[in-house]
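Notes follow once the structure below has been shown.
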Amino acid sequence: MADPKTNDLMERIVSLCKRRGFVFQSSEIYGGINGFWDYGPLGAELKRNVKDQWWRSMTQQREDVAGLEATIIMSPRIWEASGHVQTFADLMVECPVTKKRFRADQVEESSGIVYKFSGAKDASGKTSADAFEVMVPAGKPKESALKVAKQFYQLRGLAAPEPIDNGEPAKVDKSTLYSPDSGARLSDPRPFNLMFKTFVGPVESEDNVAYLRPETAQAIFAQFKNVLETSRQKVPFGICQIGKAFRNEVTPRNFTFRSREFEQMELEFFIRPDEAVEAICGEVAKPKGPGHPGEPQTNWGWQMWHQYWVEERIRFYENIGLPRTTLVEYWQKPEELAHYARATVDILFKFPFSKKNEKGELMGEELEGVAARSDFDLSQHQRFSGKSQGVFDEELKISWAKLTPEKQTDLTKRYYETRFKYLTKTGVQAEQAERTAKEDAAGLAKGNYVPHVIEPSAGVDRLTLALICNAYAEEQAPDEKGKMEQRIVLKFHPRIAPIKVAVFPLLKNRPELVKKAMEVRDLLRPHMTVFYDEAGAIGRRYRRQDEAGTPFGVTIDFETLGENAPDQKDTVTLRDRDSMTQTRVNIKDLLGVLLEKVR
RNA sequence: GCGGGUGUAGUUCAAUGGUAGAACGGAAGCCUUCCAAGCUUCAUACGAGGGUUCGAUUCCCUCUACCCGCUCCA
């Protein structure tokens, strides 16, 4: 459990977000709506900067990634292929005593004696007519059944309940109706769907059901062929997308961290299967140790690509002001992996509300998952749509012809085996799977395969919140009279700061100062977000910008006008947010100096 | 969905069964030659709906939102 002090910190951050216009509760004047948040003026700028930085680094500055912007509502068949319809429609049951929930199909079978009660009464005359059943292992006395029953009726408001028997105890074998926790009879299964449902067209019938996408990834897979054909890309290459996604979470929590409407930045990077790499290069390069593996090479297998993207992503976070020390690189354990994943690395940020480990260190919350998804996704869409999602790889075809027959047989066999495993795992009958896997293996020899995927998938809102938490600082700073006062400052990296520079005339009742300040404002405005402020004492204006996270302040004073020292004419004060130090800069150099700092 | 806590200006807090006050913040003005100075003026709140009552921000109920613990988060 997080200690009270850190909770207070989070409360102060939330309060600042409201006060300065970073984040508001959605629909606030109507009492709000659970799990939805709006971004105010500063928050909108911040979030936009985050997305711009991501988009620029992911696609505009890379040769090998193309962008996509797909719709939120898509054919429901996409979610059948991806597994979301099935998985999200799981039935849940609940233990009435411990309140724990289980997936109905995952309750362990249990055997024993079942005691039944029709209700209970207590000494004060209160009664409950709720029926209750509990199973105890054979051989245990009736008292243990009574104990659970009493707990059940206590939860219904009876002080010292005396449960009323309802018929003879019965022996029950291998039943999934009873709680593995308490033995209590579980609630009836209820469907629980994490996807938001809607209807396309005017008729609200089951035929017209559609879903708001629970992730942006599937649109990329569904448009894989179109992008491949129009972008003149070849494997290995990626498709990236930024967009809204929706999940009807049970419990939205921790401010904007888990929301029901959120935004994702996802890259699906398509690579050759390892067998193809081996055919082309003779060997598959594998990671030699931790750290960034450098520029991509032809002989990289999925593990190298996976490590490459993990490191690229961490560099990105460092680049926008999240130091490595605030991040945690968490390698999911085999039992935690989704069924399609070969490896997943979660990149976590240490939020103030994160739980702590036994050493008292913050464990972090997920900002991004970098998953090696094999060829699962495209294969699923190929199977469900009946349209080939494979690619033809000229280089593979040429290299294959030069291999020894032994090597060809070896690679064919290995490729066959992984394809067969995938097919049978997803429910294809053995006979059919064997036939299809054989075709796939024969295709590899002709240069055909379904690409594998490395998926770095990040949450924009989580990252925005992380940046705010990381930037938040409370410091002591002297006021005009030298008395120490608390200063709250958001130390955003200039790249993502909502406002880059604030421009002030030292005094507002001097028209010459105001005029000059407005000229400076207009000089900078075409190039960056500028905030002009002339109200109140200069120190007050600096502090206001500290809370907004504005990295630079420019003040036009009497030196600027050349009144005090002629050699300082046309220079301004440039004030640094973090150090609060000031330097004099000539107005003609100002734009260049600032642009260098905010890029 | 369950359990616990909370809900009064933008924020942080008061008071009260007879419809609310402060500090900081905000706006306007005066003043002010670099870090929330001073003076004047102004605006802004009882989460929503019921009930009890002559009268409810206050008591009761329901809903809602936020926080915490479960649960959930393929």
Side-chain angles (χ1 to χ4, degrees), chain A residues 1-2 4 7-8 10-12 14-21 24-37 40 79 82-90 92-103 155 187 190 192 194-195 214-215 247-255 257-260 336-341 344 353 355 365-366 369 371 477-483 485-489 504-510 513 535-547 553-561 563-564 572-575 577 580-582 584:
Chain A
M1 201 168 86
N7 289 342
D8 289 349
M10 200 55 214
E11 270 171 40
R12 295 199 296 277
V14 170
S15 161
L16 173 71
C17 284
K18 176 80 188 289
R19 188 165 73 239
R20 288 297 172 191
F24 305 129
Q25 204 175 4
S26 168
S27 322
E28 197 187 63
I29 60 167
Y30 290 102
I33 175 166
N34 187 288
F36 298 88
W37 300 91
W79 308 112
S82 70
H84 284 84
V85 169
Q86 195 202 343
T87 335
F88 278 40
D90 272 338
M92 304 293 291
V93 291
E94 189 177 81
C95 169
V97 176
T98 63
K99 302 292 177 195
K100 271 204 178 174
R101 275 221 190 142
F102 307 91
R103 268 173 61 172
L155 287 170
S187 70
R190 279 186 307 171
F192 196 82
L194 277 175
M195 281 200 289
E215 61 172 39
R247 286 186 201 179
N248 206 352
E249 298 283 356
V250 186
T251 316
R253 269 293 160 86
N254 290 325
F255 200 33
F257 184 80
R258 174 163 297 130
S259 306
R260 291 186 162 128
E336 294 172 322
L337 290 173
H339 58 93
Y340 51 73
T344 299
F353 51 77
K355 296 201 163 74
E365 306 289 332
E366 185 182 342
D479 69 6
E480 200 180 35
K481 300 188 182 89
K483 203 181 84 192
E485 286 209 334
Q486 180 172 266
R487 175 175 92 121
I488 292 175
V489 50
F504 315 116
L506 183 60
L507 300 174
K508 89 163 166 182
N509 57 0
R510 298 289 203 283
L513 288 177
I538 189 71
R540 180 190 208 78
R541 284 177 269 164
Y542 284 145
R543 294 300 168 82
R544 269 199 282 247
Q545 293 305 312
D546 286 344
E547 283 203 351
V554 169
T555 302
I556 284 71
D557 55 19
F558 292 95
E559 279 74 22
T560 316
L561 303 176
E563 285 185 10
N564 295 340
V572 293
T573 302
L574 182 60
R575 182 253 195 188
R577 174 197 62 202
M580 298 200 292
T581 53
Q582 302 182 337
R584 286 210 77 86

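Order of the sequence lines fixes the chain letters, A, B, ..., with proteins taken first and strands second; residue numbering starts at 1 for each chain. Given the structure is predicted, the values throughout are model-derived calculations rather than measurements.
Across the C1' atoms, G18(B) and G55(B) are found 7 Å apart, a figure rounded to whole Å. A distance of about 34 Å separates the C1' atoms of C60(B) and A23(B), rounded to the whole Å. Rounded to whole Å, the P atom of A14(B) lies 31 Å from the corresponding atom of G51(B). Atom C1' of C73(B) sits at a distance of 39 Å from the matching atom of U57(B), rounded to the whole Å. Spacing between C42(B) and G25(B) at atom C1', rounded to whole Å, works out to 15 Å. Taking atom P on both nucleotides, A15(B) is separated from A22(B) by 15 Å, rounded to a whole Å. Using atom P as the reference point in both U16(B) and C31(B), the two lie 44 Å apart (nearest Å). Distance noted for atom C1' between U33(B) and U40(B): 24 Å (whole Å).
When the nearest nucleotides of RNA chain B are assigned to R543(A) and T251(A) by heavy-atom distance, the more 5′-ward of the two goes with T251(A). Taking for each of P252(A) and R258(A) the nucleotide of RNA chain B with the nearest heavy atom, the 5'-most of the two is the partner of P252(A).
Residue N509(A) places its side chain closer to U32(B) than to any other of C35(B), C70(B), U32(B). For T555(A), counting side-chain heavy atoms from C-beta on, the closest listed nucleotide (C34(B), U33(B), A74(B)) is C34(B). The side chain of Q582(A) lies closest to C34(B), out of C34(B), C73(B), C68(B). Closest approach to the R510(A) side chain among C73(B), U33(B), A74(B) is made by U33(B) (side chain taken as heavy atoms from C-beta onward). The side chain of E215(A) sits closest to A74(B) out of C73(B), A74(B), A65(B). Closest to the side chain of L506(A), out of A74(B), C66(B), U33(B), is U33(B). The side chain of N34(A) lies closest to C66(B), out of U32(B), C66(B), C73(B). Considering only side-chain atoms of L194(A), the nucleotide from U32(B), C73(B), A74(B) that sits closest is C73(B).
Between G26(B) and R540(A), a contact under 4.0 Å exists linking OP1 or OP2 to a side-chain N or O. For the OP1/OP2 pair of C66(B) and a distance below 4.0 Å, the side-chain nitrogens and oxygens of K18(A) include no atom meeting the criterion.
Using a 4.5 Å cut-off on side-chain heavy atoms (C-beta onward), E563(A) and D557(A) make no contact. In this structure, T251(A) and R258(A) have side chains that are not in contact, with every pair of non-hydrogen atoms separated by 4.5 Å or more.
In terms of modelled atom types and a separation under 3.5 Å, the side chain of R247(A) and the main chain of P214(A) share a donor-acceptor contact. Remark: the backbone N or O of Q582(A) is not paired with any side-chain donor or acceptor of R575(A) at under 3.5 angstrom.
Nucleic acid contact class of R253(A) (heavy atoms, under 4.0 Å, all strands): base. Residue Q25(A) is classed as a sugar-phosphate contact, given heavy-atom separations below 4.0 Å to backbone atoms only. Among the atoms of the strands shown, base atoms are found under 4.0 Å from some heavy atom of E547(A). Using a 4.0 Å heavy-atom criterion, one finds that R544(A) contacts the sugar-phosphate atoms exclusively. Heavy atoms of G40(A) sit nowhere under 4.0 angstrom from any nucleic acid atom. Note on F255(A): only backbone sugar-phosphate atoms sit closer than 4.0 angstrom, heavy atoms only; bases stay farther off.
A donor-acceptor contact under 3.5 Å is not formed by the side chain of R575(A) with the base of C34(B).
With sequence neighbours excluded, the residues satisfying ring-ring contact (aromatic ring centres under 6.0 Å, His included) with Y340(A) are F376(A).
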### Task
Assess whether ring pair (Phe, Tyr, Trp, His ring centres under 6.0 Å) is satisfied between F255(A) and F353(A), documenting all intermediate values.
CA-CA 10 Å; F255(A) 200 33; F353(A) 51 77; 9.0 Å; no
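The heavy-atom pair separating S27(A) from I33(A) by the smallest distance is OG-CG2, 3.6 Å.
Checking each of R541(A), R577(A), R487(A) against D546(A) for a side chain to side chain donor-acceptor pair (under 3.5 Å) leaves exactly one that passes, namely R487(A). Partner E547(A) forms a salt bridge (Lys or Arg N to Asp or Glu O under 4.0 Å) with one of R19(A), K18(A), R12(A) and no other, that one being R19(A).
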### Task
Under 3.5 Å for both distances, Watson-Crick or G-U wobble, that's the pair rule; now give the dot-bracket for RNA chain B, with | marking pairs to another strand and [ ] for crossing ones.
(((((((..((((....[..)))).(((((.......)))))....(((((..]....))))))))))))....
